[in-house]
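I have placed the structure first, in the form of structure tokens, so that the comments after it can refer back to it.
The first residue in the sequence is number 1, and the count goes up from there. All values below were derived from every heavy atom in this structure, side-chain atoms included, with hydrogens, water molecules and symmetry-related copies excluded. From a predicted model like this one, the values you see are computed outputs, not experimental measurements.
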Amino acid sequence: MYRVAKASEYLVITGVGIIDIKLAKKAWVFHGQSYSKFDVSPVNYTFEVQAMSSEKLPFILPAVFTIGPRIDDEESLFKYAKLIAPHDKLSCHNKELVQGIIEGETRVLAASMTMEEIFKGTKEFKQEVFEKVQLELNQFGLLIYNANVKQLVDVPGHEYFSYLGQKTQMEAANQAKVDVAEAKKKGDLGSKEKEGETLRNAAAIDAETKIASTQRQGEGKKEEIKVKAEVKIFENLREAELAEANADLAKKKAGWSREAQVAEIEANKAVALRDAELQKEVEEMNALTQTEKLKAQFLSKAGVEYETKVYIYTS
């Protein structure tokens, strides 16, 4: 026969060909073999564990444990299949087994601690209970999936936790009063310090403002003096350039005047020279004219005389 287990179940097969047991989600079951199924879903166990401290003071530890087989470890699953699975997981047998382990470890641990240690270290106490219980559950292949331990409770007639709670509340109230007084004192002191600091800051800011104003005025005056000096330097430079330009102009005018005088003198000399040349030419022309005139008179007179002589001779 071929058998298949549900998602939360396992098959346990024994018989021919199997030395111990065989776990599977699905398998063939042959002649001479038998099988059963077990559910691996975790179960909630609710207890009120009664324990006693080292001073013999009783108390109650209300707790809810979620416990089931450890399915991520094959060896643990084999232990659970052989030791726990044959019984119904909600049976009194399983519940008494788990409760006996939890109560036994809680009582052993509580007996080694004072009530004040348990009360002040409640979180650590609970964690140590979980760890010790888990060590015992390992031998059955069981795992604590979740544990919720409520506040420790007094046994009727032994209101130790109530007294400790009241004591803690009174201490907290007194400490709160002290804290409030201290806070008020610090607040008043802080207020005074803040006021003093504000005044100091205001004085410092006022001083810095005055210093900054004086510095700005000084810088403004320095800048004004600097500008005036630069303007004066510029004016001096302009005057120097103007004086230099006037000197150059005067030099050029003097040069031009000398050149004009020289040109005038040279022009006069040229005119005089030309006049002399023209006078000489005139005199030469006059002399030539006079010579021609004398020559003409002489020739005319000689002609007349010659004609006269010829006439006389012929006549």
Original post:
Nearest 0.5 Å, what's the CD1-CD1 distance between Ile67 and Ile102?
Top reply: 4.5 Å
**OP:** For atom CD of Glu75, decide whether the heavy atoms of other residues, nucleotides or ligands shown that lie under 6.0 angstrom number more than 12.
**Re:** no
**OP:** Take Asp206 and Lys210 through the test salt bridge (Lys or Arg N to Asp or Glu O under 4.0 Å) and record every step on the way to the result.
**Re:** CA-CA 6 Å; Asp206 186 52; Lys210 291 181 179 179; 3.6 Å; yes
**OP:** Assess whether atom CD of Gln139 is packed by more than 12 heavy atoms of other residues, nucleotides or ligands within 6.0 Å.
**Re:** yes
Subject >> Linked, directly or transitively: Phe38 and Phe78 (ILVMFWY side chains, under 4.5 Å) >> reply: yes
Subject >> Pair Glu241-Arg238, salt bridge (Lys or Arg N to Asp or Glu O under 4.0 Å): steps then yes or no >> reply: CA-CA 5 Å; Glu241 290 176 356; Arg238 291 294 299 164; 3.3 Å; yes
**OP:** Give a yes or no on whether the backbone of Gln50 and the side-chain of Arg107 come within a donor-acceptor separation of less than 3.5 Å.
**Re:** yes
Original post:
Side chain of Gln33, backbone of Val16: donor and acceptor closer than 3.5 Å?
Top reply: yes
Original post:
Is the closest basic N to carboxylate O distance between Arg274 and Glu277 below 4.0 Å?
Top reply: yes
Subject >> Separation between NZ of Lys280 and CD of Glu283, rounded to the nearest 0.5 Å >> reply: 9.5 Å
Original post:
Is the Phe47 ring parallel, tilted or perpendicular to the Phe65 ring (thresholds 30°, 60°)?
Top reply: tilted
Subject >> Non-neighbouring partners of Glu235 that pass salt bridge (charged side-chain N to carboxylate O under 4.0 Å, His left out), sequence neighbours left out >> reply: none
Original post:
Counting only N and O atoms by type, is there a donor-acceptor contact under 3.5 Å from the side chain of Gln134 to the main-chain atoms of Leu142?
Top reply: yes
Subject >> Criterion side chain to side chain donor-acceptor pair (under 3.5 Å) on Ser54 and Thr114, from CA distance to verdict >> reply: CA-CA 5 Å; Ser54 60; Thr114 65; 5.3 Å; no
Subject >> Ile225/Lys222 under side-chain contact (heavy atoms from CB on, under 4.5 Å): CA gap, chis, key distance, verdict >> reply: CA-CA 5 Å; Ile225 294 171; Lys222 287 193 293 184; 5.7 Å; no
**OP:** Please report the shortest heavy-atom distance between Ile144 and Phe130, naming the atom on each side.
**Re:** CD1-O, 3.9 Å
Original post:
Got more than 12 heavy atoms from elsewhere within 6.0 Å of CZ, Phe234?
Top reply: no
**OP:** Indicate, with yes or no, if Val271 and Leu278 share a hydrophobic cluster defined by side-chain heavy-atom contacts under 4.5 Å among Ile, Leu, Val, Met, Phe, Trp and Tyr.
**Re:** no
Original post:
Measuring from Glu128:CD to Glu131:CD, what's the distance to the nearest 0.5 Å?
Top reply: 7.0 Å
Subject >> Where at least one partner belongs to residues 16-38, residue pairs that pass salt bridge (Lys or Arg N to Asp or Glu O under 4.0 Å), sequence neighbours excluded >> reply: Asp20-Lys82
Original post:
Are the side chains of Val98 and Val43 in touch, meaning some heavy atoms are under 4.5 Å apart?
Top reply: no
Original post:
Mind checking what makes side-chain contact (heavy atoms from CB on, under 4.5 Å) contact with Ser41, not counting sequence neighbours?
Top reply: Ser8, Asp39, Lys89
Original post:
Could you walk me through whether Gln279 and Asp275 pass the side chain to side chain donor-acceptor pair (under 3.5 Å) check?
Top reply: CA-CA 6 Å; Gln279 185 64 33; Asp275 289 342; over 6 Å; no
Original post:
Counting only N and O atoms by type, is there a donor-acceptor contact under 3.5 Å from the side chain of Ser257 to the main-chain atoms of Lys253?
Top reply: no
Original post:
Between Leu143 and Leu137, is a side-chain contact (heavy atoms from CB on, under 4.5 Å) present by the stated rule, with each step listed?
Top reply: CA-CA 7 Å; Leu143 174 68; Leu137 291 177; over 6 Å; no
Original post:
Would you say Asn94's side chain and Asp88's backbone share a donor-acceptor pair under 3.5 angstrom?
Top reply: yes
Original post:
Hey, which of Ile13, Val29, Ile18, Thr14 is the one that makes side chain to side chain contact (heavy atoms under 4.5 Å, CB included) with Ser34?
Top reply: Thr14
Original post:
How far does CD of Glu230 sit from CD1 of Ile233, to the nearest 0.5 angstrom?
Top reply: 7.0 Å
Subject >> Heavy-atom side-chain contact between Gln297 and Leu294 under 4.5 Å >> reply: yes
Original post:
Is any side-chain heavy atom of Lys123 closer than 4.5 Å to a side-chain heavy atom of Lys126?
Top reply: no
Original post:
Does the Tyr45 side chain pair with the main chain of Ala63, one donor and one acceptor, at a distance under 3.5 Å?
Top reply: no
Original post:
Are the side chains of Val12 and Leu23 in touch, meaning some heavy atoms are under 4.5 Å apart?
Top reply: yes
Subject >> Which atom of Ser53 lies closest to which atom of Phe59, heavy atoms considered >> reply: N-CE2, 4.2 Å
Original post:
Less than 4.5 Å apart, any side-chain heavy atom of Asn201 and any of Glu197?
Top reply: yes
Original post:
Going hydrophobic residue to hydrophobic residue with side-chain gaps under 4.5 angstrom, can you get from Val108 over to Leu97?
Top reply: no
Original post:
With no hydrogens and no angle check, is any side-chain donor or acceptor of Glu136 less than 3.5 Å from a backbone partner on Val133?
Top reply: no
**OP:** For atom CE of Met285, decide whether the heavy atoms of other residues, nucleotides or ligands shown that lie under 6.0 angstrom number more than 12.
**Re:** no
Original post:
Between Pro86 and Tyr80, which heavy-atom pair has the shortest distance, and what is it?
Top reply: CD-O, 4.5 Å
**OP:** Apply salt bridge (Lys or Arg N to Asp or Glu O under 4.0 Å) to the pair Lys228 and Glu224, showing each step before the final yes or no.
**Re:** CA-CA 6 Å; Lys228 288 182 178 180; Glu224 183 181 357; 3.4 Å; yes
Subject >> Nearest-0.5 Å distance that lies between atom NZ in Lys132 and atom CD in Gln127 >> reply: 12.0 Å
Subject >> Distance (rounded to the nearest 0.5 Å) between Leu237 CG and Glu244 CD >> reply: 11.0 Å
